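Count residues from 1 along the sequence. Computed from a predicted model, the values in this text were never measured in an experiment.
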Amino acid sequence: LKIELRQKFKQKRDDFFAQSSPQALKTGIAQNLQKVLGSIAQPKSTWATYKPIQSEADPSGIYSETSLNWCYPVIRGNSLEFFVPQGEWGLNSFKVQEPNPKTSLAVELKDVQGVLVPGIAFDLNGHRLGCGKAYYDQTLKNYSGLKIGIAYSVQITDLLPFDKHDIPMDFVVTEKEVLERKVS
């Protein structure tokens with residue numbers, strides 16, 4: 001079921017992205033992300049983000065609008081480590097840009113106030129459908145900071161299947177709205 005849902009939502013995302021203005025989408029996401037960060041992000045705190053690939057939602061419009069320090073994931077084994085880029089970037093095996101760990105500043109996850117998380121689909125309870133490798137679920141399983149899913153409005157659905165190891169988001173931000181997780 002998750003495989004079929006991934007295909008369906010990735011196609012919806014691709015089609016939506018192709019018919020939209022990437023700059024308008026980025027601006028909408030930044031404006032809604034500012035609503036969340038403006039009330040909870042501590043000045044000069046460190047937040048984790050990501051470099052979008054293909055039609056993924058792009059959170060980068062917020063970077064220059066805040067005084068936050070941004071770090072990026074690097075795949076290590078089955079999970080992610082985070083680095084503040086200092087120069088070089090490279091492509092990992094999934095063709096995702098990562099900061100070079102040798103030239104970048106390592107950041108402990110416990111020192112990160114919040115994490116922006118990409119996904120293929122999100123539901124109204126904060127559940128996330130990722131690419132299936134569980135890197136974020138593995139990385140965030142003991143993380144107590146804020147988890148904010150970044151997506152387009154077409155990637156939101158009422159309910160997604162989830163497993164006990166799947167880590168829900170506290171918020172999901174799209175170009176149209178901010179969804180806060182309903183805790184049942």
Side-chain angles (χ1 to χ4, degrees), residues 9 13 16-17 20-53 55-74 79-85 97 99 104-130 135-160 162 166-184:
F9 278 100
R13 184 184 77 188
F16 179 75
F17 185 76
S20 302
S21 155
Q23 189 57 48
L25 294 174
K26 187 159 77 169
T27 299
I29 288 169
Q31 288 170 343
N32 287 324
L33 197 47
Q34 184 61 44
K35 292 175 189 172
V36 178
L37 296 179
S39 61
I40 56 175
Q42 298 161 352
K44 306 281 186 206
S45 59
T46 299
W47 282 70
T49 186
Y50 61 93
K51 287 273 195 179
I53 58 168
S55 64
E56 270 183 345
D58 184 353
S60 67
I62 192 71
Y63 304 161
S64 62
E65 305 298 314
T66 69
S67 65
L68 303 175
N69 298 307
W70 296 98
C71 62
Y72 294 81
V74 172
S79 64
L80 304 170
E81 291 179 7
F82 295 90
F83 294 84
V84 175
Q97 289 187 54
S104 298
L105 181 67
V107 177
E108 293 290 328
L109 188 58
K110 66 179 176 41
D111 298 327
V112 174
Q113 187 186 356
V115 179
L116 305 185
V117 182
I120 292 177
F122 295 88
D123 73 15
L124 300 177
N125 298 314
H127 294 113
R128 170 183 167 271
L129 186 64
Y135 290 117
Y136 278 97
D137 294 316
Q138 188 65 31
T139 302
L140 300 175
K141 67 182 174 192
N142 297 315
Y143 177 66
S144 59
L146 281 163
K147 297 166 284 296
I148 302 175
I150 306 293
Y152 302 126
S153 52
V154 297
Q155 295 174 258
I156 307 299
T157 189
D158 289 343
L159 194 60
L160 286 170
F162 62 94
D166 290 338
I167 304 296
M169 302 292 105
D170 300 302
F171 295 91
V172 178
V173 172
T174 74
E175 81 288 357
K176 289 186 177 172
E177 63 187 335
V178 174
L179 301 166
E180 190 165 2
R181 182 169 137 217
K182 297 181 184 96
V183 181
S184 48

Quiz item: Would Val117 and Ile150 count as a side chain to side chain contact (heavy atoms under 4.5 Å, CB included) if you check the C-alpha gap in whole Å, the side-chain angles of each, and the deciding distance to 0.1 Å?
Solution: CA-CA 6 Å; Val117 182; Ile150 306 293; over 6 Å; no

task = Evaluate side chain to side chain contact (heavy atoms under 4.5 Å, CB included) for Leu33 paired with Ile148, printing each intermediate quantity in order.
result = CA-CA 9 Å; Leu33 197 47; Ile148 302 175; 4.1 Å; yes

Contacts of [X] that satisfy side chain to side chain contact (heavy atoms under 4.5 Å, CB included) - sequence neighbours left out:
X      : answer
Gln31  : Thr27
Ile40  : Val36, Trp47, Leu146, Phe171
Tyr135 : Ile75, Leu80, Phe94, Lys133

What closest approach, in Å, do [X] and [Y] show between heavy atoms, and which atom pair accounts for it?
X      : Y      : value
Ser104 : Phe83  : CB-CB, 3.8 Å
Ala48  : Val112 : N-CG1, 3.6 Å
Leu68  : Gln42  : CD2-O, 3.4 Å
Ala57  : Ile29  : CB-CD1, 3.7 Å
Thr139 : Phe82  : CG2-CE1, 3.8 Å

So, does [X] use its side chain to make a donor-acceptor pair with the main chain of [Y] at under 3.5 Å?
X      : Y      : answer
Arg128 : Ile120 : no
Gln113 : Gly145 : no
Asp137 : Ile167 : yes
Thr174 : Lys176 : yes

- Any pair with a residue in residues 145-154 that passes salt bridge (charged side-chain N to carboxylate O under 4.0 Å, His left out), sequence neighbours left out, goes on the list, sorted by first then second residue, please.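 Qualifying pairs, neighbours excluded: Lys147-Asp170.
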
Heavy-atom side-chain proximity of [X] to [Y] below 4.5 angstrom:
X      : Y      : value
Val115 : Leu140 : yes
Leu160 : Leu129 : yes
Pro99  : Val74  : yes
Pro59  : Tyr50  : yes

_Go through it in stages, so that I can follow the logic: the residues are Arg13 and Phe16, the test is side chain to side chain contact (heavy atoms under 4.5 Å, CB included), and I'd like the CA-CA distance, side-chain angles, deciding distance and then a yes or no._
CA-CA 5 Å; Arg13 184 184 77 188; Phe16 179 75; 5.8 Å; no

Item checked: Test log, rule side chain to side chain contact (heavy atoms under 4.5 Å, CB included), inputs Met169 and His127 -> CA-CA 6 Å; Met169 302 292 105; His127 294 113; over 6 Å; no

Point-to-point distance, once rounded to the nearest 0.5 Å, from [atom1] of [X] to [atom2] of [Y]:
X      : Y      : atom1 : atom2 : result
Ser153 : Glu175 : OG    : CD    : 3.5 Å
Lys26  : Ser21  : NZ    : OG    : 10.0 Å
Leu37  : Glu65  : CG    : CD    : 11.5 Å
Ser79  : Tyr136 : OG    : OH    : 11.5 Å
Ile62  : Asn32  : CD1   : CG    : 9.5 Å
Glu81  : Cys71  : CD    : SG    : 11.5 Å

So, using side chain to side chain donor-acceptor pair (under 3.5 Å) as the criterion, who are the partners of Asp58 when residues are at least two apart?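 By the side chain to side chain donor-acceptor pair (under 3.5 Å) rule, Asp58 matches Ser60.
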
- Message: Test of understanding: with ring pair (Phe, Tyr, Trp, His ring centres under 6.0 Å), list the residues that count as partners of Tyr63, not counting sequence neighbours.
- Response: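 Partners of Tyr63 under the ring pair (Phe, Tyr, Trp, His ring centres under 6.0 Å) test: Trp70.
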
